[in-house]
Amino acid sequence: MLSKSIIPVIVVFGPTSVGKTDFLLNLSKISEIINIDSLQVYKYMNIGTAKPGAGTLSQIKHHLIDFLDPNEEFNTGDFVHEADKLCFEVFSRDKIPVISGGNAFFLINFIKGLPATPKCNPIVRKKVEEELKNKGIEELSCKLEKIDPDYFSKISKNDTYRITRALEIYYSTGKTVSYFKIPEKPRECYNFLFIGLIREKEELHERINRRVDLMFENGLYEEFLKLRKMGYGSSSPGMGAIGYKEFFELDNEQSVEWQPGDKQLGLDDIKELIKKNTRQYAKRQITFFKKIDNVIWENPDNFSAIFHKVEEFLKQHGKIVCNFDNCSFYDKIPIKK
RNA sequence: GCCGCUUUAGCUCAGUCGGUAGAGCAGUAGACUGAAAAUCUACGUGUCCGCAGUUCAAUUCUGCGAGGCGGCA
C-alpha cells in the first residue's frame with residue numbers, strides 16, 4: 001500500500017536568486033513542485049517575492065504558491081502538514097514530489113519532522129507581550145534562566161523573540177523548551193535526494209542586484225502601492241517580506257493615497273536597501289543550508305553534473321522510471337550506444 | 001579674497017584636559033525547538049589629511065599647507 005511505502009522526494013534548495021526556478025524546468029513532466037517559501041504563498045505579491053511566471057507554472061505544476069491572503073499567517077507547522085499531504089498526493093499520481101525553495105527553517109522541520117512543541121497560542125502570546133512591555137526583557141530573561149537554564153544557555157539574553165516564545169511554551173504547557181526534544185534524523189517515511197544549488201558569492205550578489213533592478217522596472221513600487229490601497233499594512237504577515245517592508249521605512253505618511261512619483265527621491269535608497277537585505281538574507285540561508293547532510297552541491301547552470309545522481313535516485317523507484325520517456329529530464333541524458 | 005567650521009575604520013561620526021583610539025552601519029563567520037524574507041551571537045591596526053615646531057612623548061597643542069562645507073565680499 002502507498003500509505004506504508006517510502007515516498008521519494010527530491011529536495012532542491014538554495015539561496016535567493018541562485019536560479020532555482022530555471023533549474024526546476026529540467027525536472028518538468030516527471031515531477032510536481034511543492035514550493036517551500038513563506039512569502040510566495042501570498043496572493044497579489046508577485047514581483048517582490050519573485051514568484052515564478054505563468055510560463056514556468058504552465059510547464060510544471062506548483063503547489064503552495066499564490067493562494068493565501070497577505071493578512072493570514074503561514075507558519076512552519078502549516079507548511080509541514082501541507083507538504084506531507086502533497087507529497088503523498090503527488091506520489092499517488094506517479095510523479096516525484098520536488099520540494100523546492102529557499103526557506104531553510106521550513107525545510108529542516110520538514111526533513112526531520114516538527115518538534116513536539118505546541119504551535120503558537122495567540123492568547124498566551126499576547127499575555128507574554130504584555131509582560132514584556134511591563135517588566136522589560138531583563139526580567140523575562142531572568143525568569144527564563146530559572147525556568148529552563150539549559151535552553152537559556154543556548155540563546156542570548158537579548159533574544160526577545162526566543163525568550164518570549166520559550167515563556168509562551170511554558171505558560172501554555174507547563175513544560176520547558178528543553179523538555180521537547182528536536183528530532184535528530186531525517187524522517188524515514190521519505191527517501192530524500194538533497195540538491196543544493198550554489199554560486200560564487202560575487203556572482204550571487206550580481207544576480208541579486210540585477211534582479212532587484214528588474215523588480216523595480218517591472219513595477220515593484222506600484223505593486224506595493226496597490227497592496228496598500230487594498231488595505232495591507234506593515235502588520236500584515238505578507239508585508240514583512242524583503243522587497244515590501246522597506247517601502248514603509250522611507251514612508252512616514254503611509255498614506256494609501258500616494259501616487260507613484262511622490263517619493264522619487266527615496267526610491268533609489270529603498271532599492272539599495274532591498275539589495276542589501278536580500279544579500280544578508282542569502283547569507284543566512286546558506287549558513288542554515290550547510291547544516292543539512294548528504295547534499296549534492298552544484299551550480300544550477302551545471303545540471304549535467306548531477307543528472308546521473310538524479311537518474312540513479314529515480315531508478316530506485318521503478319514506477320516512476322516507467323514514466324520517464326518523453327520528459328525534459330530524459331532529453332538531457334546522453335544516448336549511449 | 002577674507003572669516004568661521006571641518007578632515008579619525010569601507011560609510012556616518014565619537015574621543016584622547018598630550019601616553020598611538022571606539023560606536024552605529026556595512027563586511028566576515030556562526031546560531032536557529034510550530035512567528036523564520038524573523039531573531040540573535042562573535043569578530044575592529046586605522047599613514048587619526050600632509051609637513052614642520054614645542055615636548056621624554058603629538059592623532060590631540062602651535063604654525064604653514066591641502067581638501068570639504070558654510071558665511072561675507
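What you see is a predicted model, and the numbers here were worked out from it, not measured in a lab. Proteins get letters first, then strands, A, B, ... in listed order; numbering begins at 1 in each.
- Separating the CE atom of Met239(A) from the P atom of A35(B) is a distance of 22 Å, rounded to the nearest angstrom.
- Taking the P atom of each, G63(B) and C3(B) are spaced 13 Å apart, rounded to whole Å.
- For the C1' atom pair drawn from A66(B) and G10(B), the interatomic distance equals 23 Å after rounding to whole Å.
- Listed pair Arg165(A) / U39(B) fails the phosphate criterion, with no side-chain N or O lying under 4.0 Å from OP1 or OP2.
- Rounded to whole Å, atom P of U41(B) lies 8 Å from atom NZ of Lys157(A).
- Using a 4.0 Å heavy-atom criterion, one finds that Asn109(A) contacts no nucleic acid atom at all.
- At whole-Å resolution of the value, CZ in Phe106(A) and C1' in C32(B) are 14 Å apart.
- Among the nucleotides G34(B), A31(B), U39(B), the one closest to any side-chain atom of Asp159(A) is U39(B).
- By the 4.0 Å N-to-carboxylate-O rule, Lys85(A) lies close enough to Glu82(A) to be salt-bridged with it.
- Protein atom CG of Asn103(A) is 13 Å distant from nucleotide atom P of G34(B), rounded to whole Å.
- Remark: Tyr151(A) is in phosphate contact with U33(B), judged by side-chain N or O atoms under 4.0 Å from OP1 or OP2.
- One donor-acceptor pair, N or O on each side, does fall under 3.5 Å between the base of A35(B) and the side chain of Thr164(A).
- Counting non-hydrogen atoms under 4.0 angstrom, Lys290(A) reaches the backbone sugars and phosphates but no base.
- The pairing partner recorded for G1(B) is C72(B), the criterion being a Watson-Crick or G-U wobble arrangement whose two distances lie under 3.5 angstrom.
- Residue Gly243(A) is classed as having no contact, given no heavy-atom separation below 4.0 Å to the nucleic acid.
- Annotation: U8(B) and G50(B) have their C1' atoms spaced 15 Å apart (nearest Å).
- Comparing U33(B), A36(B), G34(B) by their nearest atom to the side chain of Phe180(A) picks out U33(B).
- Base pairing of U20(B): no nucleotide in any strand meets the Watson-Crick or G-U wobble criterion (both distances under 3.5 Å).
- The phosphate of A38(B) has OP1 or OP2 within less than 4.0 Å of a side-chain N or O from Arg284(A).
- Residue Phe74(A) is classed as a sugar-phosphate contact, given heavy-atom separations below 4.0 Å to backbone atoms only.
- Of the candidate nucleotides A38(B), C32(B), U41(B), C32(B) has the atom lying nearest to any side-chain atom of Phe105(A).
- Arg162(A) has a side-chain polar atom (N or O) that falls below the 4.0 Å cut-off from OP1 or OP2 of U33(B).
- For Asn158(A), a side-chain nitrogen or oxygen approaches OP1 or OP2 of U41(B) to under 4.0 Å.
- Residue Ile108(A) is classed as having no contact, given no heavy-atom separation below 4.0 Å to the nucleic acid.
- Remark: Lys283(A) is in phosphate contact with G30(B), judged by side-chain N or O atoms under 4.0 Å from OP1 or OP2.
- Residue order along RNA chain B, read from the 5' end via each residue's closest nucleotide, puts Thr287(A) first among Ala104(A) and Thr287(A).
- In the displayed structure, Lys127(A) atom NZ is contacted under 6.0 Å by at most 12 heavy atoms of other residues, nucleotides or ligands.
- Annotation: Phe216(A), atom CZ; neighbour count of heavy atoms from other residues, nucleotides and ligands within 6.0 Å is above 12.
- Side-chain N/O atoms of Lys245(A) include one lying less than 4.0 angstrom from OP1 or OP2 on A38(B).
- Remark: C1' of C32(B) and CG of Asp150(A) are 17 Å apart, rounded to the nearest angstrom.
- Rounded to the nearest Å, the gap between the P atom of U20(B) and that of G24(B) is 23 Å.
- The C1' atoms of A58(B) and C48(B) are separated by 11 Å, rounded to the nearest whole Å.
- Between Phe79(A) and Phe106(A), the ring planes are parallel. Angles under 30° get that label, and only those over 60° would be called perpendicular.
- Residue Thr278(A) is out of contact with every strand shown, counting any heavy-atom pair closer than 4.0 Å.
- When the side-chain nitrogen and oxygen atoms of Lys201(A) are compared with OP1 and OP2 of U28(B), one or more of them lie within a distance under 4.0 Å.
- In summary, the side chains of Tyr190(A) and Asp84(A) do present a donor paired with an acceptor at a separation below 3.5 Å, with no hydrogens or angles considered.
- Side-chain N/O atoms of Thr278(A) and Arg211(A) include no donor and acceptor closer than 3.5 Å.
- No donor-acceptor pair under 3.5 Å is formed between the side chain of Glu246(A) and the backbone N or O of Leu273(A).
- With a 3.5 Å ceiling on both atom-pair distances, the Watson-Crick or G-U wobble partner of G50(B) is C64(B).
- A donor atom on one side chain and an acceptor atom on the other are not found under 3.5 Å apart for Tyr179(A) and Asp148(A).
- For the 3.5 Å distance criterion, the side chains of Asn209(A) and Lys275(A) fail to qualify, holding no donor opposite an acceptor.
- Following rounding to the nearest Å, Asp269(A) (CG) and C25(B) (C1') show an atom-to-atom distance of 14 Å.
- Using atom C1' as the reference point in both U33(B) and U16(B), the two lie 48 Å apart (nearest Å).
- For Tyr161(A) and A38(B), the ring-to-base geometry does not satisfy the stacking test (centroid distance below 5.5 Å, interplanar angle below 30°).
- Within the structure, a side-chain polar atom (N or O) of Arg279(A) is placed less than 4.0 Å from OP1 or OP2 of G27(B).
- Atom pair Glu272(A):CD and C25(B):C1' shows a separation of 15 Å (rounding to whole Å applied).
- The separation between Leu273(A) atom CG and A26(B) atom C1' is 12 Å, rounded to whole Å.
- Here Thr160(A) does not reach the OP1 or OP2 of U39(B): none of its side-chain N or O atoms lies under 4.0 Å away.
- The two residues Val12(A) and Leu197(A) make their nearest non-hydrogen contact at CG1-CD1, 3.7 Å.
- The nearest heavy atom of RNA chain B to Cys120(A) and to Thr49(A) marks one nucleotide each, and the one closer to the 5' end goes with Cys120(A).
- With a 3.5 Å ceiling on both atom-pair distances, the Watson-Crick or G-U wobble partner of U39(B) is A31(B).
- Side-chain proximity of Ser156(A) to the nucleotides A35(B), C40(B), C32(B) is greatest for C40(B).
- Annotation: U60(B) and A21(B) have their P atoms spaced 14 Å apart (nearest Å).
- Base contact: Phe288(A) has a heavy atom under 4.0 Å from a base atom.
- If you take atom P in A14(B) and the same atom in U6(B), they sit 9 Å apart, rounded to whole Å.
- Remark: Lys154(A) is not in phosphate contact with U41(B), judged by side-chain N or O atoms under 4.0 Å from OP1 or OP2.
- Taking side-chain N and O atoms only, Gln280(A) has a distance below 4.0 Å to OP1 or OP2 of A26(B).
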